[in-house]
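Because only heavy atoms are used, hydrogens play no part in the values below, and waters and symmetry mates are left out as well, while side chains stay in.
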Amino acid sequence: MAVEEVHLASGTALEGFAGDGAGGTYFFCGEGGEERPILYADSEGGAALIAIGLPELLRLPLVAPWWRHCQAFTDEESRELAAEYLEDMPDLVARRDRAAAALGVGLPAQADVLARLRETAVGIGENYVLILTPEGQPYETLIRN
């Protein structure tokens, strides 16, 4: 996982622990274990606090794998994004259910997962500003009010 040199504006510890196929990176914030806040940074200079703890993070792509494309966080938008994903991967629900069972993760309603994402990103997420260290520039906010 190749990661640019970054830090949090607050000085809170930052630990990269996973990447995605699009070049994004997931970071634990602060000290502790898997219960820590998790920040996601994409490869294009955007970042957002997306979950508090690993179980919450796992539910996000299982329930709403299209979360990065949400702008308005409405039911209509979510239905449209879900339909696009299901068109490309008709067995998505079966795959999701198998993964959730294997991981021992409960699957809340899609609306609840997206509401929690938005609440985390625009609420306490304001305190987790990612800075590109060499340039001293903050990443753009991925999720806005």
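Listed by chain and number, the residues in a side-chain contact (heavy atoms from CB on, under 4.5 Å) with Val63 are Leu107, Pro108, Gln110, Val113 (sequence neighbours excluded). Taking the side-chain contact (heavy atoms from CB on, under 4.5 Å) definition, one finds that Pro65 meets it with Tyr85, Leu92, sequence neighbours left out. Residues passing the side-chain hydrogen bond (donor to acceptor under 3.5 Å, both in side chains) test with Ser10 are Thr12, sequence neighbours excluded. Listed by chain and number, the residues in a side-chain hydrogen bond (donor to acceptor under 3.5 Å, both in side chains) with His7 are Thr133 (sequence neighbours excluded). With sequence neighbours left out, Pro134 forms a side-chain contact (heavy atoms from CB on, under 4.5 Å) with Glu5, Leu132. Scanning for side-chain contact (heavy atoms from CB on, under 4.5 Å) contacts around Glu15 gives Phe28, Arg36, with sequence neighbours left out. For Tyr40, the ring pair (Phe, Tyr, Trp, His ring centres under 6.0 Å) partners at least two apart in sequence or on another chain are Tyr26, Trp67.
Applying the salt bridge (Lys or Arg N to Asp or Glu O under 4.0 Å) rule to pairs touching residues 134-145 yields Glu140-Arg144, sequence neighbours excluded. Applying the salt bridge (Lys or Arg N to Asp or Glu O under 4.0 Å) test to pairs two or more places apart or on separate chains, none has a residue in residues 18-29. Applying the salt bridge (Lys or Arg N to Asp or Glu O under 4.0 Å) rule to pairs touching residues 92-104 yields Asp91-Arg95, sequence neighbours excluded. For residues 48-76, the pairs satisfying salt bridge (Lys or Arg N to Asp or Glu O under 4.0 Å) are Asp42-Arg68, Glu56-Arg116, with sequence neighbours left out.
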Q) Under the side-chain contact (heavy atoms from CB on, under 4.5 Å) criterion, do Cys29 and Ile38 qualify, and how do the steps go? A) CA-CA 6 Å; Cys29 302; Ile38 298 169; over 6 Å; no
Q | Residues Trp66, Ser78; criterion side-chain contact (heavy atoms from CB on, under 4.5 Å); working and verdict | A | CA-CA 8 Å; Trp66 51 86; Ser78 192; 3.3 Å; yes
Q) Between Leu14 and Leu130, does a side-chain contact (heavy atoms from CB on, under 4.5 Å) hold up when you go through it step by step? A) CA-CA 9 Å; Leu14 194 64; Leu130 190 64; 3.4 Å; yes
Q: List the steps and the verdict of side-chain contact (heavy atoms from CB on, under 4.5 Å) for Tyr139 and Val129.
A: CA-CA 7 Å; Tyr139 275 54; Val129 177; over 6 Å; no
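Criterion: ILVMFWY side-chain heavy atoms under 4.5 Å apart, direct or through other members. Under it, Phe27 and Ile131 are not part of a common hydrophobic cluster.
Glu87 contributes no side-chain N or O that, together with a main-chain N or O of Ala83, makes up a donor-acceptor pair within less than 3.5 Å. Counting only distance, with no hydrogens or angles, the side chain of Glu35 and the backbone of Gly33 share a donor-acceptor pair below 3.5 Å. Of the possible polar contacts, one joining the Glu77 side chain to the Gln71 backbone as a donor-acceptor pair under 3.5 Å is found.
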Determine all donor-acceptor pairs shorter than 3.5 Å in which one atom belongs to a side chain in residues 43-54; sequence neighbours excluded.
residue: Ser43; atom: OG; partner: Ala22; partner atom: O; Å: 3.1

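Considering only heavy atoms from C-beta on, Thr141 stays 4.5 Å or farther from Val122 through its side chain. You'll find the side chain of Ile124 stays beyond 4.5 Å of the side chain of Pro37, heavy atoms only.
Note that CG of Leu86 is 11.0 Å distant from CG of Leu81, once rounded to the nearest 0.5 Å. Rounding to the nearest 0.5 angstrom, the gap separating the CG atom in Leu39 from the CG atom in Leu8 is 6.5 Å. In this structure, the separation between CG on Leu117 and SG on Cys70 is 7.5 Å, given to the nearest 0.5 Å.
In plain terms, the two heavy atoms of Leu62 and Ala99 that are nearest each other are CD2-CB, 3.7 Å. In plain terms, the two heavy atoms of Thr25 and Gly16 that are nearest each other are CG2-CA, 4.5 Å.
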